[in-house]
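Notes follow once the structure below has been shown.
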Amino acid sequence: MSRISEHPILGKKEEGREVEFTFDGQKMKGFENEPIAIALKANGVMIHRYTKKEHKPRGLFCAIGRCTDCVMVVDGKPNIRTCVTPLKEGMVVNTQDGVKAVGM
Amino acid sequence: MNTVVDRSIDIGEFIAQPDDDMLICRCEEITKGEIRKAVHDGMWTLTEIRRYLRTGMGLCQGQTCSRLVKGIVARELGVSPAELEPATARSPMRPTEMRIFGTEEV
Amino acid sequence: MKRYEVIIVGAGPAGLSAAIEAAKKGLKVVVFDENDKPGGQLFKQIHKFFGSKEHHAKIRGYKIGEELLKEAGELGVEVVLNATVVGLYPDKEVNVRINDEIHHFKGDTVIIATGASENMVTFPGWTLPGVIGAGAAQTMMNIHGIRPGKKILMLGSGNVGLVVSFQLLQAGCEVVAIVDAAPRIGGYGVHASKVSRTGVPFYLSHTIKQVHGEDCVTGVTITEVDDHFAPIPDTEKFFEVDTVCMAVGLSPMSQLLKMAGCVMEDNPKRGGQVPIVDEYGETSVSGIFAAGDVSGIEEASSAMIEGKMAGVCVAEYLGYIDEEEKDSLLKVFDADLNSLRQGMFAPKNRGKLIESTEEGIEISKNLLKKGYVKDDEIERFPGVVHKSGVHPVIECTQNIPCNPCQDACKKGCISTGKNITYLPFVKDGSECINCGMCVASCSGQAIFLVNEDCGDGSATVTLPYEFFPLPEVGTVGFGLSRKGEKLCEAEVVSVKSVGAFDHTNLLTMKVPKEYAMKARFFKCS
Amino acid sequence: MVMENKADVVIVGAGIIGCAISYYLSKRGKSVIVLEGSDNIGNGGSSRNGGGVRQSGRDPRELPLAMYGIKELWPTLSEELGVNCEYHKEGNLRLGKTPEHLKILQGLTDRAVACGLDVRMIDSDEVKEINPYLSDEVIGASWCPTDGHANPMVTTLAFYKKAREMGVRFITGEKVERLRKVKGRLRKVYTKENEYEGEFVVVAAGYESREILGTIGVDVPMHKELCECLVTEAEPHMFNQMLGTAEADFYGHQADHGSFVFGGMSGLELNNKDCGPVNSPSNAAITAPCICRGIMKYFPALEDAKIVRTWAGYLDICQDGVPVLGFVDEVPGLVVACAFSGHGFGIAPAVGEQLAMLIDEGKTAVDISGLRYGRFKAKI
């Protein structure tokens, strides 16, 4: 488990409500309003997308919405910066392939 | 800057390097070799490189690669990176949906 | 169109400080920030800051952020979050995305305090998932409470690389190595030492040859480089890691200023593209100011002072204070800023090899190369003294502008002398009462309380300990050297955690007396 | 080494027009020097336009050039220059939503047909067949199947690259201050530090041509207007047509890259505040949002497309809306190519090729007589 249950300086983190979302059709759990990328990380997901030209895997890189490497298809919309987009109940998150969802 | 630059000055031949396949612009997937080659095609400014190859024109608008591209172009031209004028900054500073960009509160 | 007297872009240390100062003078202030939380990078800074009282020394970054926010709120500053400034147009028109709309605002003045973005370097495999920026690591663990990885290699030995490495350890990650192509450690020696003593090795004059993995990082190979940064054959070392973290410097995020038509320059000393500003931050466009990292990479502490300066200038620009008042305020801020810009890490010394301290003591070469001061080198520094009974041993060996230790000791045992950058020393004839305040207040975690001879063949060493789990009294483990190597058996004899220590626990271990001046960390067996 | 500052032809301006002329001249064996005032090749309208390669909607005086270019030059241009210019000849739709719109479109269509262009009015069903992503509110369009688009930045730089390879000397940061006649013929071009000499001097410097030509007593009646463009993130491929509307709300296309490039104006341009230098004007805060609204009226499907960049550029608008091209009788040696009025990109290869021919042979294959300098007269 990669979540830090208790931190020596920051103590225990106040988490939001636990919500369910799907990643590539698979049900996963995360905390409401945390970035989608963090919920994915907690579930062990590393690959967010494959690039258009070279079809190479990419994941979280800057984590603050600047580099746009972590974009995915969220609720059908491509190029969503998952590191700054809050997770909501029932969200449908898909690995992005080029500019579409994988398999689309 | 406006300094007089004769684009026919000899900057030497393009010589392949072992790391030419290194990806530099992560968004548009442009390699070091493509950037170096573009310099030999006559693209001597960062603006020309960007228009010719699309480096820094992807989703992140050059946040990650502009400094790297600058270094490569400067080395190829034999000048200091500080001499190269960076490409213009353009709004919007973050990708913005058309629906939102078109909804104004003046 | 809605108009503000001052629009501030960025609610980090510079922006908030500017807002506070301007609001104090009666201006109507708005601060826009694209993030959902204010404070910029301050909330990721969980270490104690350097400096003196005026610079919020020995306070952790995130607490400074909380203080600034509280003060701004009390003064009626409007902080608008999730507000992305998409453009700065002619006539100081600011377009801001708020929710699903673009709002147009005009500012009589505008202060740009957008901070910096991280630099990156390339190596084969640098685009693989698992290669991340140091800022990303901080965001993940200190904001979102998640570990960036299990086993991590850090590239970069500047303060960011060192501080983030320590934070990774605090978050429960393993840091397998800190690597830097430079021949010397770039950050403060004390930051390096606190990482080193936990056992993290430093590889200076090394670079990443390749990051391995198909879908994500599975390992990394580093190689030694020569004076021209060319790889030396047959010096490769492999580490099995799942994460590679890059901390290779910052660049000013100055795009808005460029868009607004401010005259810019490429200034390597300031970290890249910066606006040309006067000494108080006004750009070439009248009424547009820049403060903090956006006008030159420095520390959060200096960003806060630059912010205050811009706030005062804006107040004068709009007639809320007269020039005389402005000048007298700026004089104070100038002095604060100058005291921060002293010492061997001052901006003016960037890139210089400094071989001896201001006191004329030779700097530890091992510290610069390996991250720790060797046993035979430590004795030459003024804070390292031998006395009977418990006494402080101050392993502060570089001139940095910092003095909380001298304020911490109620008995007046410690002094930095007349200059804030001088190395602290233990005053003759002073009496240590073993209260531990000096240990907890040292932002560099460089002070230890040592009883070199307890009379039974043992010694005790009290050290700052900011990790979980906190060992209990009676735990037997090992005393580690400054390099992080097992030296001897050690037993925890006391663990103190009081509010005044602010999460810096004081762990006292008992070691054989020959290790009193050698054992500097405790590790459970 | 002191370079000889003499050539057969000196061209002022390294936009797509200057670059194209230099390439075709060099193909004809002429030596050429191109002087560019800014630091970048193609820094004006050449890299700021929407990329249309159109014949429809053109004035009859410039239509022959447009048709010639599309027939003879564009299809093989990428191959010829060795760079993919992303040319697509898959039609231009000019859209209408109201009967008034259709009236405007019908007028344009009638005029083009009279000049021999294959363009016709189509109904909403046919529009949907060509481009299924358009709003249901579109009731008709004019359709010119041989129109298209290309990448203006790359095309400009491709002409430059090829011309440079062939020996054309390009000098950037070399702002021309003055032209001078020597012994009855325009020969000399002065910059701040240097002078250049040619048998012919071509002025192709966009709006700045006016000031430069003024130094030799030639005045082209034109003004500048700020036009803006925006580009979205890459999207899945949708269509290859060039698009416009009867009311000129926007124009644009989807590039090979996947991004949409659209241009337009706010309507306040004529009297808007000066947005700064010709080579790097700033955007007006209200224009790009206005273009977005224009697009969404016709393309609701694009409302979630994210805009990554906007930019502005000046159009060099001629009094009568068509360029000034060719010799100026009263100043032997002078060739003018300016005042393209916002539609120079599509005809650039044809202009380059024909002006090179004019300089070399004294005549053109395509009739450009309606575009000559001497055409401007008072209204009564």
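Reminder, nothing fancy here: chain letters follow the sequence lines and each chain counts from 1.
No more than 12 heavy atoms of other residues, nucleotides or ligands lie within 6.0 Å of NZ in A/K27, so this atom counts as exposed by the packing criterion. Annotation for A/K88: atom NZ counts as buried by contact number, over 12 foreign heavy atoms lying within 6.0 Å. Sparse packing is recorded around CD of A/E14, with 12 or fewer heavy atoms of other residues, nucleotides or ligands lying under 6.0 Å away.
Distance CZ/A/R81 to SG/B/C60: 11.0 Å, rounded to 0.5 Å. Atoms CD and CG, from A/E54 and B/D21 in turn, are 9.5 Å apart once rounded to the nearest 0.5 Å.
No donor-acceptor distance shorter than 3.5 angstrom exists from the side chain of B/R26 to the backbone of A/C67, with no hydrogens or angles considered.
Proximity to chain A among residues 35-46 of chain B is not found for any residue, judged by heavy-atom separations below 4.5 angstrom.
With a 4.5 Å cut-off on non-hydrogen atoms, A/K56 does not touch chain B at all. The contact between B/E28 and chain A is made entirely by backbone atoms, counting heavy-atom distances below 4.5 Å. Proximity to chain A involves both the backbone and the side chain of B/E29, based on heavy atoms less than 4.5 angstrom apart.
Considering only heavy atoms from C-beta on, A/T68 stays 4.5 Å or farther from B/R94 through its side chain. Using a 4.5 Å heavy-atom cutoff, the side chains of A/K77 and B/E97 are not in contact.
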